[in-house]
Each structure stands twice: as structure tokens, then as C-alpha cells.
Amino acid sequence: MSEETKNVQEAAEIASQDEMEQIVSLKKGDTVKGTIVKIEDNQAYVSIGYKYDGVIPIRELSSVHLDNAADAVAVGQEVETKVVSIDDEKERLVLSKRAIDSENAWEELEKKFESGETFEVTVADVVKGGIVADVGVRGFIPASMVERHFVEDFSDYKGRTLRVKVKEIDRENNKVILSQKDVLDEEFEANKLKIMGDLKEGQVLEGTVQRLTQFGAFVDVGGVDGLVHVSEIAWNHVDKPADVLSEGDNVKVKVLKVDPEKGKISLSIKAAQPGPWDTAAEQFHTGDIVSGEVKRLVNFGAFVEIAPGVEGLVHISQISHKHIGTPHEVLKEGQTVQVKVLDVNPSEKRVSLSIKETEEAPAPAPKSERPSKGSSVRKEDLGDNPNVSLSNQGLSITLGERFGDKLSKLK
């Protein structure tokens, strides 16, 4: 036998011996590394150097439900697996990638939980109450922890990449709760503080109406929301914000107050617009006759709104041509009236109005006839009235004339 042939035989014996040792040492529960060589029939075939390839069933590929084995692994990918079962007679070696991933995941997840680390996950499935992701174990993201806003339908979230934190971890019960909302909230608060630091009272900004409530509107000004109280929406009275605003409206707002400690921003829409008194001088002139609404009645007159935010006083003496004791006698709140502008003073925010000057004055009442100067009154017209005395050129009746005959008898 030649030396070369002898070397070949020795090499073959060594190889055969190594193979036999591997077969003997490979048992259920062992951890082995290999390479994905084929994906077929929803299972992955792995070459681990054994006399035949191992197979990873789809249920052993991931801790979450998969529709396709190719969603978890790819040909050529190196994987670490655990031996689930060996059947040399049928040449079937079942491996589990999920078991190794789970063992390795818990320690990493606990570290992430303690440090508050943000990391990325891919949504594997949408289930009742939320969504799930494979993080070595099944990670559940409740519906309330996906976004900062309410989401009704998560059907289009499958396959999305989310940034999450570990919210809760319980290894004994194989429970991992993840939250993207916590990540978004932290980023929002950090951004909010930055924006609030840049805001200045009196600054005028463009904003977008985000939400409407009974007491006002929340407007987004560069990534943070500020409140426009219902009283700051318009110069005229607004009962409900929804009467004049809609979500998505672009509005101009003025910054009234910034409170970083409370995280509150007070805004005004009306303050960002010209005030009604700014245009009153151009809109109204002395002598103009306009329509208005009676807003308030007081003892000394009536306040009439002639434009949104512009009220003028009709003094009680200017309400009616006839004498009235109180404005309530002829006016009521909410009534529409015609008024004449008597005076406009925008700097003092005053307008004097008159109702009676828009109406024609009534004809004067006829006067009672009086005797003209120089006319005489006949005595018989006076009758026997002892209290009447007419002098000058008229008849004069005196005590002497009335009692003269009696007085003469006493002489």
C-alpha cells in the first residue's frame, strides 16, 4: 500500500469518527448553529453538519403567528436553534429557533426595561385589543399604547416598524408589554418645552385647529397645542366654538401667555385681528343711520351693538320723543332698532346714538284758547265765583264791590 493511499484512508477514518461522535453527542435539548439552505412547505431547512438537514417548522420559527416561513428567515441566514426531536430512522431532525430566541431575549428585555431604552420592532400581527411584535418572545402593544391619539383600525399596521419601550415584563408568565406611546409622549414633551421656550407673549403665529370643546379650541402652533378660550375666538359673542370653527382650519393667533411649568399656552384669535374699534372710525360717521341690536338696558339708557364688538349708548333722552321713566317701557334686549350716530370716539371706545332722531317727531298738541290782551270779560260770564279777579282793562271785582252795600249800611 502506497503512502498516499494510506493517508487517504486515515483521513476518511478520522472524518467518519468525527461524524459518529457528532451523531452520538447530538440529543434533544442541544443548542446547535446552522445555515438556512431551503424554505419549503412553510418550514425552513437548516444545515448543521449532521448527516441530514434539520427542519424548523413555521411554529418554531417565531414567538408570534406567521403566515409564511419566509417572513422570519431567509436562505443563507445563520441561525441558532435547539434540538426538539431526532428520528434517525425517518431522517427527521426537528429544530426550534423560537426556543433559543426566547432564552436570549429575556435578559436583553430586562436590561431595556431597567434602562428605559427605545428600540425598533416590526409589527407581526394585529390581534384583538392591539398588535404584536416578535422580540424573541411575544411582545404585545395594547391599542391604547400604540399612538398618542385614538386609532380605530390597526389593519394597516402589519409590517410597520415602531419605536417602543418595554412597559411591563413578567418572565414567569411569559408576558411582555411594549409601548410606542411612551416614546412619542417623551418626544412630544421635549419638543413642547423647546417650542414653549421660543414663544413670546404678543407673538402672532399661524396655527391649525386640532380639537374643539365647549370651552374653546386647541390650536397647533408648530407641534404643540395652545388653548383659544371661547371668549378669545371672535370680537362678537360666540356660544360654541363649533359655530365658527372646524377642525383643520388654519387660523392666525396671538400668544397671550406661556406657562412652561404647567405646560400651558394661552392663545387668542381675535387679538390677532384688527379690533372692531380699530375700524369703527372708518365704518361709522356722525349722521349715519344704521341698524343695531339692543344688548343691555340700564336706567340711564340702552346699549346698542352696531357692529361686532362695537356698542353705543342711546341715552334715555334719545330713546323716544315722548317722556319715558325707564328704557324698559319701550325697548327690550335682543330687539333690532334703527339708530343715528351722534358722535364716534374710537380712542375712548365710545359711540353716542339716538333712536328718536330716526323717527319723525309727532305734531304738537293744539293749545287751549286764551283771551287776547285788551279784551273784556262780561260779569255774567263769571257767574257767582267769588275767587276770580280780573284786572287791567277787564272787569275787576273787588271785595269793596262785592260787600259795598253792606259796608255802606254800617256807616
Side-chain angles (χ1 to χ4, degrees), residues 118 120 123 126 129-131 141-165 178-279 283 305 307-310:
T118 297
E120 291 187 347
V123 178
V126 177
I131 56 183
I141 310 176
S144 62
M145 297 184 188
V146 179
E147 304 285 358
R148 296 189 70 244
H149 57 273
F150 172 75
V151 178
E152 185 174 358
D153 183 10
F154 290 98
S155 59
D156 63 343
Y157 273 67
K158 190 172 182 178
R160 284 195 192 182
T161 298
L162 305 180
R163 292 174 302 122
V164 300
K165 287 178 178 287
L178 306 174
S179 173
Q180 178 178 244
K181 182 176 180 294
D182 285 3
V183 177
L184 299 177
D185 282 344
E186 286 183 6
E187 293 177 347
F188 175 80
E189 290 302 323
N191 185 54
K192 182 176 181 179
L193 289 175
K194 180 181 182 302
I195 293 174
M196 292 182 72
D198 295 336
L199 290 177
K200 299 292 184 290
E201 293 183 8
Q203 186 176 357
V204 177
L205 306 165
E206 294 288 338
T208 304
V209 177
Q210 296 294 312
R211 288 185 297 122
L212 297 175
T213 66
Q214 289 292 327
F215 56 84
F218 287 93
V219 177
D220 182 331
V221 284
V224 297
D225 290 349
L227 174 64
V228 179
H229 191 268
V230 64
S231 63
E232 292 294 333
I233 290 178
W235 287 104
N236 57 306
H237 176 72
V238 175
D239 286 324
K240 294 185 298 181
D243 292 340
V244 293
L245 293 174
S246 300
E247 292 182 2
D249 284 353
N250 293 320
V251 292
K252 187 177 288 187
V253 293
K254 186 174 184 178
V255 180
L256 299 182
K257 186 177 180 181
V258 180
D259 189 340
E261 291 185 3
K262 294 183 178 180
K264 293 183 179 180
I265 303 171
S266 298
L267 305 171
S268 174
I269 294 176
K270 74 177 186 182
Q273 304 169 344
W277 289 99
D278 296 333
T279 58
Q283 190 176 359
E305 185 179 62
V310 178

### Message
For T213 versus F218, what's the shortest heavy-atom pair and its separation?
### Response
CG2-CE1, 4.0 Å
### Query
If you take all heavy atoms of I233 and P241, which pair is closest and at what distance?
CD1-CB, 3.8 Å
### Task
Take atom CZ of R148 as the centre, draw a 6.0 Å sphere, and report whether it contains more than 12 heavy atoms from other residues, nucleotides or ligands.
yes
### Task
Could you check if a side-chain atom of L178 sits within less than 4.5 angstrom of a side-chain atom of L162, using non-hydrogen atoms only?
no
### Note, K252 side chain near V204 side chain (heavy atom, < 4.5 Å)
yes
### Query
Crowded around E201 CD? As in, over 12 foreign heavy atoms under 6.0 Å?
yes
### Message
Rounded to the nearest 0.5 Å, what separates atom OG1 in T118 from atom CD in Q180?
### Response
10.0 Å
### Message
For S268 versus L256, what's the shortest heavy-atom pair and its separation?
### Response
CB-CD1, 3.6 Å
### Message
If I take atom CG from residue D249 and atom CG from residue L212, how far apart are they, to the nearest 0.5 angstrom?
### Response
8.0 Å
### Message
Do I265 and L227 have side chains that approach each other closer than 4.5 Å (heavy atoms only, starting at C-beta)?
### Response
no
### Task
Measure the shortest side-chain to side-chain distance between E147 and L184 over non-hydrogen atoms and say whether it is less than 4.5 angstrom.
yes
### Query
Does any non-hydrogen side-chain atom of L245 lie less than 4.5 Å from one of V228?
no
### Message
Could you report the tightest heavy-atom contact between L205 and V255, atom names first, then the distance?
### Response
CD1-CG2, 4.0 Å
### Query
With side chains defined as the heavy atoms from C-beta onward, is the minimum distance between H149 and Q210 less than 4.5 Å?
no
### Side-chain heavy atoms of V151 within contact of V146, under 4.5 Å
no
### Message
Would you compute the distance between atom CG of N236 and atom NZ of K270 and round it to the nearest 0.5 angstrom?
### Response
9.5 Å
### Task
Output all residues satisfying salt bridge (charged side-chain N to carboxylate O under 4.0 Å, His left out) with K165, sequence neighbours left out; order by chain, then residue number.
E186
### Task
Please say whether more than 12 non-hydrogen atoms of neighbouring residues, nucleotides or ligands are located less than 6.0 Å from NZ in K158.
yes
### Query
Do the non-hydrogen side-chain atoms of W235 and V310 ever get within less than 4.5 Å of each other?
no
### Summary
CH2 (W277) and CD (Q283) are apart, to the nearest 0.5 Å, by 11.0 Å
### Task
Using atom types as modelled and distance alone, determine if a side-chain donor or acceptor of K192 lies under 3.5 Å from a backbone N or O of D225.
no
### Query
In Å and rounded to the nearest 0.5 Å, what is the CE to CG distance from M196 to D198?
11.0 Å
### Query
Atom CD in E206, atom CG in N250: separation rounded to 0.5 Å?
7.0 Å
### Query
Would you say the side-chain atoms of Q203 pair up with the backbone N or O of K200, donor to acceptor, closer than 3.5 Å?
yes
